[in-house]
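Here the structure is laid out as C-alpha cells; the discussion comes afterwards.
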Amino acid sequence: LKSRKKEAVLSEHNRSVSRVVFSPGKKLLSADTNGGLCLWDTDSWRLSGSMKPDGHAITAAAFSADDKLFFCGNEKGVLICGNTFALNNEESVFKGMKLHQSAITGIFALNNDPQILTTGKDGYVKASQIKSQYNPVFSPTAEYFQDGRQILCADFHQGGKMLAAGLNDG
C-alpha cells in the first residue's frame, strides 16, 4: 500500500465500529457493536442510508456480487439482510433469520450464485439459497459441523469449492 492522504472521516456511529466492508461497486457498509448500520457512497463519502441499532453487535458483513444486497451477522447468530438501494426504508431490511446458536463469524456471497455461506462460533458452516433479491427468503441447503470447535474466522474461494477456517484450538 502506498501512503495516501486521508479520504474521509465517517462518524455516524454511537458505539465502536465492529465491521467495515466495501461493496463490489461504490458503497461501504459500516456496522457497530450495538447493531447499528451505515451505508456510505464512496464517491461522495455521504451517508446514503442507516439502520437503528438493535443492541446486538455485528460480527460479520458482506455484499452480494451484484451489489444489490448486504448481509450482516450478529453476536446472537442472526442474519440481517437488506437492499443496498433503500437502507433507510424499514421494509428494505429483513431481520430474524436465526442461522447459528452463537456469533456469525463469516458471511460469503458467492459470485454468480444465489447462495450465501455463513460460519459461526457454534462450529457450523451453513449454506442457504437466496430465493429473491427484492424480498430475500433463505432456504437452508447444507450444513457442516466442526465437532464442537469454534470457527473464529473463515474465507471461501470465490469458486465455492475451498474453505479455509481458523478454529479456536489452532
Side-chain angles (χ1 to χ4, degrees), residues 4-110 114-122 124-128 130-138 140 150-156 166 168:
R4 294 185 53 174
K5 68 178 184 170
K6 193 181 330 181
E7 293 288 331
V9 175
L10 310 173
S11 57
E12 283 292 318
H13 294 280
N14 294 326
R15 295 279 182 96
S16 298
V17 173
S18 57
R19 290 288 177 263
V20 292
V21 61
F22 283 102
S23 76
K26 296 182 177 188
K27 298 176 181 81
L28 173 73
L29 181 72
S30 60
D32 66 39
T33 57
N34 198 33
L37 299 173
C38 292
L39 187 65
W40 305 90
D41 177 319
T42 59
D43 278 339
S44 65
W45 292 111
R46 290 190 178 167
L47 183 66
S48 58
S50 64
M51 186 178 94
K52 294 176 185 172
D54 66 2
H56 301 294
I58 301 297
T59 54
F63 282 93
S64 61
D66 64 7
D67 215 21
K68 293 179 181 173
L69 297 173
F70 70 86
F71 308 97
C72 293
N74 74 19
E75 65 187 344
K76 298 292 186 181
V78 174
L79 179 71
I80 300 163
C81 174
N83 294 307
T84 59
F85 59 85
L87 184 56
N88 282 331
N89 179 349
E90 286 295 321
E91 294 174 4
S92 73
V93 178
F94 312 98
K95 294 192 211 179
M97 181 76 178
K98 178 107 172 139
L99 291 181
H100 293 271
Q101 294 305 310
S102 57
I104 293 175
T105 56
I107 301 173
F108 309 93
L110 300 177
Q115 182 169 233
I116 186 169
L117 302 166
T118 59
T119 58
K121 279 192 173 181
D122 59 3
Y124 281 91
V125 177
K126 297 187 177 190
S128 299
I130 303 171
K131 298 290 186 184
S132 167
Q133 70 180 15
Y134 298 107
N135 188 7
V137 175
F138 296 92
Q150 293 180 353
I151 299 173
L152 301 178
C153 60
D155 198 10
F156 283 92
N168 65 325

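Values below: every heavy atom of this structure, side chains too, minus hydrogens, waters and symmetry copies. Position 1 is the first residue of the sequence; numbering continues from there.
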**Report entry** For Ser102, side chain to side chain contact (heavy atoms under 4.5 Å, CB included) partners two or more places apart
**Finding:** Lys121, Asp122
Report task. Check whether any side-chain heavy atom of Leu79 sits under 4.5 Å from a side-chain heavy atom of Ser128, and report yes or no. Result -> no
Query raised in the report: Does Asp32 have any side chain to side chain donor-acceptor pair (under 3.5 Å) partners at least two apart in sequence or in another chain, and if so, which?
Result: His13
Query - Taking every non-hydrogen atom, the tightest pair across Phe63 and Val21 - result: CE1-O, 3.4 Å
Report task. Drop me the distance from Cys81's SG to Phe70's CZ, to the nearest 0.5 angstrom. Result -> 7.0 Å
**Report entry** Side chain to side chain, Thr118 and Tyr124, heavy atoms closer than 4.5 Å
**Finding:** no
Query raised in the report: Quick one: are Asn74 and Asp54 in side-chain contact, heavy atoms under 4.5 Å?
Result: yes
Query raised in the report: Quick one: side chain to side chain contact (heavy atoms under 4.5 Å, CB included) partners of Ala57, sequence neighbours excluded?
Result: Thr33, Glu75
Report task. Measure across Cys72 and Leu29 and return the closest heavy-atom pair with its distance rounded to 0.1 Å. Result -> SG-CD2, 3.6 Å
Report task. Without swapping roles, check the side chain of Asp41 against the backbone of Asp43 for a donor-acceptor pair under 3.5 Å. Result -> yes
Report task. Could you list the residues that satisfy side chain to side chain donor-acceptor pair (under 3.5 Å) with Ser23, not counting sequence neighbours? Result -> Asp67
Query raised in the report: Is the backbone N or O of Leu99 less than 3.5 Å from a side-chain atom of Lys126, with the two atoms forming a donor-acceptor pair by type?
Result: yes
Report task. Taking side chain to side chain donor-acceptor pair (under 3.5 Å) as the test, write out the residues that go with Ser64, two or more places apart. Result -> Asp66
Report task. Please report the closest heavy-atom contact between Cys38 and Leu47, naming both atoms and the distance. Result -> CB-CD1, 3.6 Å
Query raised in the report: Does a side-chain heavy-atom distance below 4.5 Å link Phe71 with Ile116?
Result: yes
Report task. Check side chain to side chain contact (heavy atoms under 4.5 Å, CB included) between Ala31 and all other residues, then give those that pass, not counting sequence neighbours. Result -> Ser18, Arg19, Leu37, Ile58
